[in-house]
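Below is one structure, written out as structure tokens, with a few remarks after it.
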Amino acid sequence: MTNHFPQDTFSGNTFSKDSFLMSLPKPTKMKAATYSKYGPPIVVGIQEVPVPEIKDHEVLIRIRAASVSSGDWRARSLSLPKGFGLLGRLIFGITGPRKPILGTELSGEVIDTGKDVTEFVVGDQVIAFADTELGCHAEYRAFDQNGLITKKPANLSFEHTAALSFGGTTALNFLRDKANVQQGEKVLIIGASGSVGSAAVQIGKYLGAEVTGVCSTRNLDIVRELGADHVIDYTQEDVTKLGEKYDVILNCNAEINIRQYETILNANGRLVLVLGSFAQAIGFDRMSRKARKAGKRIIGGVATAKRRDIELLAHLAANLQFTPVIEHVYPFSDIMCAHAAVESGHKRGNVIVKM
Ligand SMILES: NC(=O)c1ccc[n+]([C@@H]2O[C@H](COP(=O)([O-])OP(=O)(O)OC[C@H]3O[C@@H](n4cnc5c(N)ncnc54)[C@H](OP(=O)(O)O)[C@@H]3O)[C@@H](O)[C@H]2O)c1
């Protein structure tokens, strides 16, 4: 696998950096990308807002890079899978967004600590996953020391570690925890070149599975390079008509026809819907009786992340066993362009903004 990791300019000079950070006056204002109504990328604008106050158990992170994810696109535009409209408004805000700053994940450095913080010190470089709590599209964010936060390996860049958590934890949770993928099982990843899919190809291999990735022509090489044993170009072939069967199918693309996909599942196979409609989520749109009798089942829901998942992903990435794929790094001032790239539905891996 190609090494995609640039070195950090800060590595190896911790003492002088810590002293420098400690000596700086604490910031009171910061730039943040905010939005006050749901809509296209143009609803996001950069504003000056107060720097969050830290509580006793929190650290203040100076954010160096953050991803703009499909989660940010959905929260910004309220473009949700079929049937999830009302639920989406309940989560994100009925009449307008409840949380004005998007951004699920970040990398950066600790510049202040609350009085009860024991796990981090000023100067630590960290990776943090805010998930649905959001708030990473800003210059600073307060973070609970016991939350989804870990130290950044020194050999990984801020950009790469800001692309680790969203796709990586989703892939881990769906493949390892929910689908219980076993060594030697055949796993099909639909949407293998996106944030979740590119991570899922690698996590599938890490779990010992035989992985087939489905993507468009331009992404065949990268999906192969990430470790997929086989690749299928969806612009040329229909995966449901190739006569191949799988133990696990992970769908990271649009809503799929369940009856069609159950035919390419082995007995006891799992159709894992990272993305599905409300009808599929509540079991209204389900597999045929014959498929269910053969032990085939649907797994859906929302991914959950644990701190040890971020630690595992960071460890794998530091040891070149996991590559967070980055399509483009935008300056923070161009965050609207980053949102537009994500909204295309065809990004390769992750889109990053650099502060
Ligand atoms: N359930 C959860 O907890 C959870 C968590 C995270 C994400 N999600 C959802 O999962 C979905 C994927 O997220 P993501 O961040 O990976 O999105 P993404 O980065 O935008 O990736 C989507 C991928 O789908 C591929 N694609 C588009 N049309 C396709 C087709 N007809 N057949 C196969 N692949 C196709 C694209 O590849 P090409 O460019 O090659 O077409 C693209 O790489 C999103 O809808 C997101 O909302 C759900």
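Note that the coordinates shown come from a computational prediction; the quantities given were computed from them, not determined experimentally. When a residue number appears, it is its place in the shown sequence, counting from 1. Remember, it's 1-based here, ligands and their atoms both numbered in the order they're listed. Reckoned from all heavy atoms, side chains included, excluding hydrogens, waters and symmetry mates.
- Among all non-hydrogen protein atoms, the one lying nearest atom 3 (O) of ligand 1 is Ala303 N, 2.7 Å.
- Nearest protein heavy-atom neighbour of atom 8 (N) of ligand 1: Val274 CG1, 3.6 Å.
- Here Lys354 pairs with Glu159 in a salt bridge; the nearest charged N to carboxylate O distance falls below 4.0 Å.
- Under a 4.0 Å heavy-atom criterion, Gly300 is not in contact with ligand 1.
- The distance criterion of under 3.5 Å between nitrogen or oxygen atoms is not met by Cys215 with respect to ligand 1.
- Put simply, part of Phe174 is less than 4.0 Å from ligand 1, judged by heavy atoms.
- With atom 44 (C) of ligand 1 as the reference point, the heavy atom nearest to it among Ser70, Ser195, Gly191, Gly197 is part of Ser70.
- Ligand 1 lies less than 4.0 angstrom from a heavy atom belonging to Gly345.
- In this structure, the protein non-hydrogen atom closest to atom 27 (C) of ligand 1 is Asn253 OD1, 3.4 Å.
- Crowding of Tyr206 atom OH: a count of heavy atoms from other residues, nucleotides or ligands under 6.0 Å not exceeding 12.
- Annotation for Phe278: atom CZ does not count as buried by contact number, only 12 or fewer foreign heavy atoms lying within 6.0 Å.
- Of the candidates Thr118, Val126, Asp56, Thr118 is the only one forming a side chain to side chain contact (heavy atoms under 4.5 Å, CB included) with Gln145.
- Heavy atoms of other residues, nucleotides or ligands lying less than 6.0 angstrom from NZ of Lys306 number more than 12.
- The pair Glu327-Lys347 does not count as a salt bridge, with every side-chain nitrogen at least 4.0 angstrom from each carboxylate oxygen.
- Only one option out of Ser157, Pro324, Ser67 pairs with Ile352 in a side chain to side chain contact (heavy atoms under 4.5 Å, CB included); it is Ser67.
- Residue contacts with ligand 1 include Cys252, since one of its heavy atoms falls under 4.0 Å from the ligand.
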